[in-house]
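Beneath this line is the structure, given in structure tokens, with notes to follow.
All figures in this text were calculated on a predicted structure; none of them were measured in a lab. We count residues from 1, following the sequence as given.
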Amino acid sequence: MAQSDFLYPENPRRRQEVNRLHQQLLDCLSDSFQVTNKLTGVLNTHLGCRLAFIEMKRDGTIKENCDIIIQAVVKIQKELQKVDEALKDKLEPTLYRKLQDIKERETEKMAIVQKVISVILGEATSAASAVAVKLLGSNVTTGIMNKLVTVLAHIGTSLLGSIGVAVLGLGIDIIFRAILGAVERSQLQAAIKSYEKHLVEFKAASERYHHAITEVTRAVTRQIR
């Protein structure tokens, strides 16, 4: 037992809690990198985008890695906005509104997109139409992606953002000391509560993002078969 544990008997439990929270955060970060790259591959292949794949910066901080994902997602949104603007320009207003209507059946939306996708991309594929419908005919681009970006930005500017990613795999005591270097011991409990709040938000946003992009890739796979 560390000497400080005699003065702060809750420290051992808090060390375990810090370790658990950091590992969950690392898992969510890693998943967001993977999902973003999966979406990048789909867009490059089926919508003709030229987006770069991203990689976790192992020697960087939490904030630096959050920023990498944010920048990639924003670039994806810009590419999708171009496609959306092209659809709006080529479609009749009533058809474009149907495409935006979440109550409209996906088969109907596919038929609408298929009418003009060849003009936009230079070729017509059912896979490209499926990608456009899944991402633009839903709240994925404006809702789910925006939420992920907001949560990552909050994490980056929080106390959590200054901690290095490499620290997460070095053991409980090292993590604990890294956090004690950033805050007074008396503030540790409040800091843990803050981490819990950010993690809950990040986990929820990450899971929705993961689910949405999985639906996109499944839709593409169905069209290719």
Original post:
With Asn44, which residues qualify under side-chain hydrogen bond (donor to acceptor under 3.5 Å, both in side chains), at least two apart?
Top reply: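 Here no residue qualifies.
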
**OP:** Please name all residues satisfying side-chain hydrogen bond (donor to acceptor under 3.5 Å, both in side chains) with Lys197, sequence neighbours left out, ordered by chain then number.
**Re:**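 Partners of Lys197 by the side-chain hydrogen bond (donor to acceptor under 3.5 Å, both in side chains) criterion, ordered by chain and then number, come out as Glu201.
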
Out of curiosity, [X] [atom1] to [Y] [atom2], how far, rounded to the nearest 0.5 Å?
| X | Y | atom1 | atom2 | result |
| --- | --- | --- | --- | --- |
| Ile117 | Ile112 | CD1 | CD1 | 12.5 Å |
| Gln23 | Leu199 | CD | CG | 11.0 Å |
| Glu55 | Ile68 | CD | CD1 | 8.5 Å |
| Arg105 | Lys98 | CZ | NZ | 10.0 Å |
| Lys78 | Asp84 | NZ | CG | 16.0 Å |
| Glu106 | Ser138 | CD | OG | 8.0 Å |

**OP:** Taking Thr157 for its side chain and Ala153 for its backbone only, find out whether a donor-acceptor pair lies under 3.5 Å.
**Re:**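 Pair found, side chain donor or acceptor close to backbone of Ala153.
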
Original post:
Does any N or O in the side chain of Ser30 come within less than 3.5 Å of the main-chain N or O of Asp27, such that one atom is a donor and the other an acceptor?
Top reply: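 The answer is no, because no donor-acceptor pair under 3.5 Å joins these two groups.
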
Can you find a pair of side-chain heavy atoms, one from [X] and one from [Y], that are under 4.5 Å apart?
| X | Y | value |
| --- | --- | --- |
| Leu26 | Met56 | yes |
| Val73 | Leu39 | no |
| Ile213 | Val42 | no |
| Asp31 | Tyr209 | no |
| Val140 | Lys134 | no |
| Leu43 | Leu135 | yes |

Give the minimum heavy-atom separation between [X] and [Y], together with the two atoms involved.
| X | Y | result |
| --- | --- | --- |
| Thr141 | Gln77 | O-NE2, 2.9 Å |
| His198 | Ser158 | NE2-CB, 3.5 Å |
| Thr61 | Gly161 | CB-O, 3.4 Å |
| Ala205 | Val151 | CB-CG2, 4.2 Å |
| Ala52 | Thr40 | O-CG2, 3.9 Å |
| Leu47 | Val83 | CD1-CG2, 4.3 Å |

**OP:** State yes or no: do Leu80 and Val74 share one hydrophobic cluster built from I, L, V, M, F, W and Y residues joined by side-chain heavy-atom distances below 4.5 Å, directly or via other members?
**Re:**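 The answer is yes; both residues are in one hydrophobic cluster.
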
Original post:
Passes side chain to side chain contact (heavy atoms under 4.5 Å, CB included), Leu21 versus Glu196? Steps please.
Top reply: CA-CA 7 Å; Leu21 292 172; Glu196 287 176 333; 3.8 Å; yes

Subject >> Ionic contact status for Arg218 with Glu215, cut-off 4.0 Å >> reply: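 So Glu215 pairs with Arg218 through a salt bridge.
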
Original post:
So, are Glu79 and Lys82 salt-bridged, with charged N and O less than 4.0 Å apart?
Top reply: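 Yes, Glu79 and Lys82 are salt-bridged.
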
**OP:** List for me each residue that meets side-chain contact (heavy atoms from CB on, under 4.5 Å) alongside Gln71, sequence neighbours excluded, and say none if there are none.
**Re:**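 Gln71 satisfies side-chain contact (heavy atoms from CB on, under 4.5 Å) with Asp67 once adjacent residues are dropped.
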
**OP:** Please check if atom CD in Glu92 has more than 12 non-hydrogen atoms from other residues, nucleotides or ligands closer than 6.0 Å.
**Re:**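 Check fails, neighbour count at 12 or below.
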
